[in-house]
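Presented below is the structure to which this report refers.
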Amino acid sequence: MPFFKILLLIFFILVFAYSLFRPFPSILAKIFFISGSFLGMLSVAGTRYSILISDFLGMREADLYLYLTLLTVFLFVGYTLNRFDELNKKISFLVKEIAILNNKDID
């Protein structure tokens, strides 16, 4: 196995382990990191392992990559929307606090 493949495989294994043990603010973030790192490991490891997994699941190898990619993309979109919603709530809270403080200064 070439050095670059080994390096990428180690990276995806570390991301997978990190996503298992790190507490995330939402379940979408955790699933996104797990599925993304699994897809990365699967694509780097080679066709032999992806064929075994796809045969076990009863689908073609190309379909396995397609489904895992779609899952990862949808989870990324959900994670991003969730993150924007959290930031929007924090900004709204800060704007209200600043407005209250400015109103007290005027009086």
Side-chain angles (χ1 to χ4, degrees):
M1 191 180 271
F3 174 73
F4 189 67
K5 276 190 169 185
I6 293 172
L7 191 65
L8 279 175
L9 191 59
I10 290 171
F11 172 75
F12 286 123
I13 289 171
L14 289 174
V15 170
F16 184 77
Y18 172 76
S19 62
L20 287 178
F21 298 115
R22 181 186 184 272
F24 286 95
S26 70
I27 191 71
L28 280 176
K30 188 175 198 95
I31 295 173
F32 166 69
F33 274 101
I34 289 172
S35 65
S37 59
F38 179 73
L39 181 62
M41 284 188 293
L42 188 63
S43 63
V44 171
T47 58
R48 182 175 57 182
Y49 298 109
S50 59
I51 288 173
L52 286 174
I53 293 172
S54 62
D55 286 343
F56 176 74
L57 295 174
M59 62 179 71
R60 295 181 312 146
E61 182 184 5
D63 291 339
L64 175 67
Y65 282 116
L66 176 68
Y67 297 149
L68 286 174
T69 303
L70 286 173
L71 175 72
T72 305
V73 167
F74 285 128
L75 288 171
F76 175 73
V77 169
Y79 171 71
T80 304
L81 289 174
N82 189 18
R83 186 82 172 146
F84 280 138
D85 188 44
E86 288 176 16
L87 287 174
N88 193 22
K89 287 178 185 175
K90 289 178 183 177
I91 290 171
S92 295
F93 176 77
L94 289 174
V95 166
K96 290 175 187 175
E97 290 293 317
I98 291 171
I100 290 170
L101 289 175
N102 283 341
N103 194 20
K104 286 181 182 177
D105 289 340
I106 294 173
D107 294 336

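Numbering starts at 1 and runs along the sequence shown. Quick caveat: nothing in here was measured; it's all calculated off a predicted structure.
Here the shortest heavy-atom pairing between Val44 and Lys5 reads CG1-O, 3.3 Å. Residue Ser35 comes nearest to Leu71 through the heavy atom pair CB-CD2, 4.0 Å, listed as atom of the first residue, atom of the second, then distance. Across every non-hydrogen atom of Leu42 and Tyr65, the tightest pair is O-OH, 3.4 Å.
If you take OG on Ser37 and CZ on Phe11, they are separated by 9.0 Å, rounding to the nearest 0.5 Å. In this structure, Leu70 CG and Leu39 CG are separated by 10.5 Å, a value rounded to the nearest 0.5 Å. Here the CD-CG distance, from Glu97 to Leu101, works out to 6.5 Å after rounding to the nearest 0.5 Å. Distance check: Ile31 CD1 to Phe74 CZ gives 14.5 Å after rounding to the nearest 0.5 Å.
Think of Ile91 as one node in a network of Ile, Leu, Val, Met, Phe, Trp and Tyr side chains linked at under 4.5 Å; its network also takes in Val95.
The closest side-chain donor-acceptor pair between Glu61 and Ser50 falls under 3.5 angstrom.
Following chains of ILVMFWY side-chain contacts shorter than 4.5 Å, one can reach Phe4 starting from Leu9, so the two form part of one hydrophobic cluster. Leu20 and Ile13 fall within a single hydrophobic cluster, where Ile, Leu, Val, Met, Phe, Trp and Tyr are joined by side-chain heavy atoms under 4.5 Å apart, directly or via other members. The cluster map of Ile, Leu, Val, Met, Phe, Trp and Tyr, joined by side-chain heavy atoms under 4.5 Å apart, puts Phe93 and Leu87 in different clusters. At a threshold of 4.5 Å between side-chain heavy atoms, the hydrophobic network of Ile, Leu, Val, Met, Phe, Trp and Tyr places Ile27 and Leu68 in one connected group.
When Leu64, Asp63, Thr69 are each tested for a side chain to side chain contact (heavy atoms under 4.5 Å, CB included) with Tyr67, only one passes: Asp63.
More than 12 heavy-atom neighbours from other residues, nucleotides or ligands sit within 6.0 angstrom of CZ on Arg22.
Contact of the Met41 side chain with the Tyr49 side chain is not registered, since no non-hydrogen atoms from C-beta on lie closer than 4.5 Å. When side chains are defined from C-beta on, Phe38 counts as touching Ile53, because their heavy atoms get closer than 4.5 Å.
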Return a table of donor-acceptor pairs under 3.5 angstrom between the side chains of residues 76-83 and protein atoms on other chains or two or more places apart.
residue	atom	partner	partner atom	Å
Thr80	OG1	Phe76	O	2.7
Asn82	ND2	Ser26	OG	3.2

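Shown here are the salt bridge (charged side-chain N to carboxylate O under 4.0 Å, His left out) partners of Asp85, two or more places apart in sequence or in another chain: Lys89.
The backbone N or O of Ser19 sits less than 3.5 Å from a side-chain atom of Lys30, completing a donor-acceptor pair.
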